[in-house]
2 protein chains.
Amino acid sequence: MTLADVAAHAGVDRSVISRVMNDDPGLNIRPETRERVLASVKTLGYRPNAAARTLRTRLSRTFGLFIPDYANPVYAEIIKGAEAAAADRECVLVTGSGRVAGSAKPYLDLLADGRVDGLLLAGGVRASATLDALRASRMPWLLLNWSMTDATRHIILDDEGAATMAVEHLVSLGHTRIAHLAGPDGSDTASRRAGGYRAAMRLHGRAPDPALEVRADYTAEGGFQAMTELLGRTPRPTAVFVANVASAIGALRAAYRAGVRVPDELSIVAVHDLPLAEYLVPALTTVRMPLEELGRRGVERLASTDPDDAVAETVDGPMELVLRESTAPPGVL
Amino acid sequence: MTLADVAAHAGVDRSVISRVMNDDPGLNIRPETRERVLASVKTLGYRPNAAARTLRTRLSRTFGLFIPDYANPVYAEIIKGAEAAAADRECVLVTGSGRVAGSAKPYLDLLADGRVDGLLLAGGVRASATLDALRASRMPWLLLNWSMTDATRHIILDDEGAATMAVEHLVSLGHTRIAHLAGPDGSDTASRRAGGYRAAMRLHGRAPDPALEVRADYTAEGGFQAMTELLGRTPRPTAVFVANVASAIGALRAAYRAGVRVPDELSIVAVHDLPLAEYLVPALTTVRMPLEELGRRGVERLASTDPDDAVAETVDGPMELVLRESTAPPGVL
DNA sequence: TTGTATGCGTTATCAG
DNA sequence: CTGATAACGCATACAA
């Protein structure tokens, strides 16, 4: 089913069909002819071929989103926003976490060959060579929720602000020994949250204390191990700011295993709110960040910004402290 | 950067470049020429244009996977397997949950226009008209983890077997009042799991009892409400087989809220194992299903089966009861 | 051993 | 108002 078939059926030239379908403004067509064309398109069930169209227009009406790991529920929200923004522009958003032989490069190369009009990278790219290759291709790209020193195109969230909110909350409850269960080494969000934590602590007269910081990757298991370690230190912190909600689940478990009651003996507040947080025992106090908005801004920027221009934006969507059961004033130890 | 540029640089014809790059077996080329070609390709950083290649070969080396919701962690595992299988065939797997104006059809139409070589549908398609449109296009497709009465191309898991394992476990612990927190009405997996539950109960001399069954959608909130209702019934069940791990999180919370101790007063076993399950309090006993294998088989079938042939397969990967803390013999009430 | 010619399905620029 | 025609970049049968 091609243009030629429809043209034959309607008794006009292929170009007429094309222009009718694309609402060519410079087309002066008799209403009856237009009707005939539209009818033929409908009865034959014609749909333009995407490859041919892309070849001709150099536009695929498709955006790509690369994420490191589908298991991290944080990405679900980002994808949601990105898909919505793509739909608004009548485009498709496709996402992938493809990784061949441990590297994301082959996968990204495949996408870069004109398959998508732009690529959002939400982490997971380790080698800077991968980014170089991307730069070499003429495809627009954007880093989502992280940045690289030499990459000047990224959109991030206000991670420092989130950390501040969390610490302020704990301070206002009366906590002084506030620990930080940070994200993994090398993670951009992790270091911004850690920075925010330290700044907020300093503001309250607390010098950074290595004994109050542990690192973990953004998984339940990582959180479990890090929290177990933290609980072994003396004196034990009375509150913990956890950099990620997945780690927080593991942290909650670690407290339970150590016989430390939350929030009576230990307060926990985590970054990122998720539907799940409300149903944990105890329900988790979190800082809600505008993840969906991040995804949305991502494709908007991708679609509207000159690929050569720098983009360094912090999404200013609303952040909110979601008070639940995992935080309380420090108990008498 | 096109074939023509590379040809000019290497001093040969475009067709030579093309055949060298595609390892044309019927090509007899002087080693030095081949070297020259390869060198040019490399120095110019040439990458074949995907659209042109797709147009010419009618093959995009891309598969699509449609899922209803990224927030359901079950899909993360399916995607993982599907991406791996795609990578094995040097293809890209792209996934989407796109939904415009409440319908998946526009999104699927967009994909169907030659953008992908085949489409995996992991639920989320409500209208059968959508499926009709898919059938009309000449694109291979496959239902993953569900089936429609008039669709004869699907791969599913052994949901009845999983239900049997769960119920047998509870029976072996000594439970008799075993309830089922089922999945939503209209869900294919839900009805198979419910069927397996009833069959297993019958096998142990228990007639199906509506008072022991509740429905919930596959979310923590649904599980919370359904479990709350179940706990209000008298006599209260001593064990519950929950159809989904997300619901189980809500169910756990509901028991906590009702002051019912798990597993002392109530045993809970859920379908689908996830990394998270181990870190809940109490850690959740689950039936692990071969989700990753399901995704893998999906693209394998898609790539290797004639699109006109029927496919009705049940993945026979290993299922396993993962014993944790949420099940125990019934306590003395 | 390498080059030529043609077509994949569109869109856009012309004529008519 | 509509039709012819030329690309877009690639792959392949065939000619040389």
Side-chain angles (χ1 to χ4, degrees), chain A residues 1-38 40-41 44-62 109-110 112-117 137-139, chain B residues 1-38 40-41 44-62 109-110 112-117 137-139:
Chain A
M1 190 54 32
T2 77
L3 259 194
D5 300 323
V6 186
H9 186 270
V12 295
D13 189 78
R14 295 175 308 173
S15 57
V16 177
I17 315 281
S18 174
R19 282 182 287 177
V20 166
M21 293 202 71
N22 295 327
D23 293 317
D24 182 345
L27 171 65
N28 242 344
I29 195 174
R30 230 178 318 179
E32 57 197 81
T33 313
R34 155 167 276 141
E35 284 314 312
R36 198 150 36 92
V37 166
L38 259 21
S40 294
V41 167
L44 296 184
Y46 167 73
R47 312 230 68 223
N49 178 284
R53 179 177 275 202
T54 299
L55 181 59
R56 184 62 232 239
T57 62
R58 306 178 122 344
L59 244 46
S60 64
R61 306 204 69 76
T62 305
D109 281 348
L110 228 41
D113 300 332
R115 242 172 269 253
V116 295
D117 295 336
S137 77
R138 282 296 296 173
M139 190 187 45
Chain B
M1 191 53 31
T2 77
L3 259 193
D5 299 323
V6 186
H9 186 270
V12 295
D13 189 79
R14 295 180 310 176
S15 61
V16 177
I17 316 279
S18 174
R19 283 182 285 178
V20 165
M21 293 203 70
N22 296 327
D23 293 317
D24 182 345
L27 170 65
N28 242 344
I29 194 175
R30 229 176 317 176
E32 58 198 81
T33 312
R34 155 167 276 142
E35 285 314 314
R36 199 148 37 91
V37 167
L38 259 22
S40 294
V41 166
L44 295 183
Y46 168 71
R47 311 230 69 220
N49 177 284
R53 180 177 274 203
T54 298
L55 181 59
R56 182 63 228 249
T57 60
R58 307 177 126 331
L59 243 48
S60 65
R61 304 204 72 73
T62 304
D109 281 348
L110 228 40
D113 300 333
R115 243 174 268 255
V116 295
D117 295 337
S137 78
R138 284 294 297 171
M139 190 189 44

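No hydrogens, no waters, no symmetry mates; every other heavy atom, side chains included, goes into these values. Letters A, B, ... mirror the listed sequences (proteins, then strands); counts begin at 1.
- Between A51(A) and L55(B), the closest heavy-atom pair is CB-N, 3.9 Å.
- Evaluation of the side chain to side chain contact (heavy atoms under 4.5 Å, CB included) rule for R36(B) yields V12(B), T33(B) as partners, not counting sequence neighbours.
- Looking at residues two or more places apart in sequence or on another chain, you find a side chain to side chain contact (heavy atoms under 4.5 Å, CB included) between R61(A) and E90(A), C91(A).
- You'll find the side chain of L38(B) reaches within 4.5 Å of the side chain of R34(B), heavy atoms only.
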Taking distance alone, no hydrogens or angles, what donor-acceptor pairs closer than 3.5 Å link side-chain atoms of residues 22-31 of chain A to residues at least two apart or in another chain?
residue : atom : partner : partner atom : Å
N22(A)  : ND2  : S18(A)  : O            : 3.2
D24(A)  : OD1  : G26(A)  : N            : 2.8

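- Rounded to whole angstrom, the span from the CG atom of D24(A) across to the P atom of dG3(D) amounts to 15 Å.
- Partners of D109(B) under the side-chain hydrogen bond (donor to acceptor under 3.5 Å, both in side chains) rule, at least two apart in sequence or in another chain, are K105(B).
- Within residues 27-36 of chain A, no residue is approached by DNA chain C to less than 4.0 Å at the level of any non-hydrogen atom.
- Side-chain contact check for T62(B) and R115(A): at least one donor-acceptor pair (N or O, by modelled atom type) lies under 3.5 Å.
- Of all nucleotides in DNA chain C having an atom under 4.0 Å from a heavy atom of chain A, the first and last in 5' to 3' order are dG9(C) to dA12(C).
- Residues in residues 6-16 of chain A take part in these side chain to side chain donor-acceptor pair (under 3.5 Å) pairs, two or more places apart or across chains: H9(A)-S40(A), D13(A)-S15(A).
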(request) Let me have a per-nucleotide readout for nucleotides 9-16 of chain D, 5' to 3', with B, S or -, counting only protein heavy atoms under 4.0 Å. (result) BBBB-B--
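- Listed here is the closest heavy atom pair of Y46(B) and T2(B): CE1-C, 3.7 Å.
- For D113(B), the salt bridge (charged side-chain N to carboxylate O under 4.0 Å, His left out) partners two or more places apart in sequence, or in a different chain, are R47(A).
- For the side-chain hydrogen bond (donor to acceptor under 3.5 Å, both in side chains) test, residues two or more places apart in sequence or in another chain that qualify with D117(B) are S60(B).
- One end of the helix from dT1(C)-dA16(D) to dG16(C)-dC1(D) points its axis 50° away from the other end's axis, with each axis taken from 5 pairs and the angle rounded to 10°.
- The shortest heavy-atom contact between V6(A) and I17(A) is CG1-CD1, 3.8 Å.
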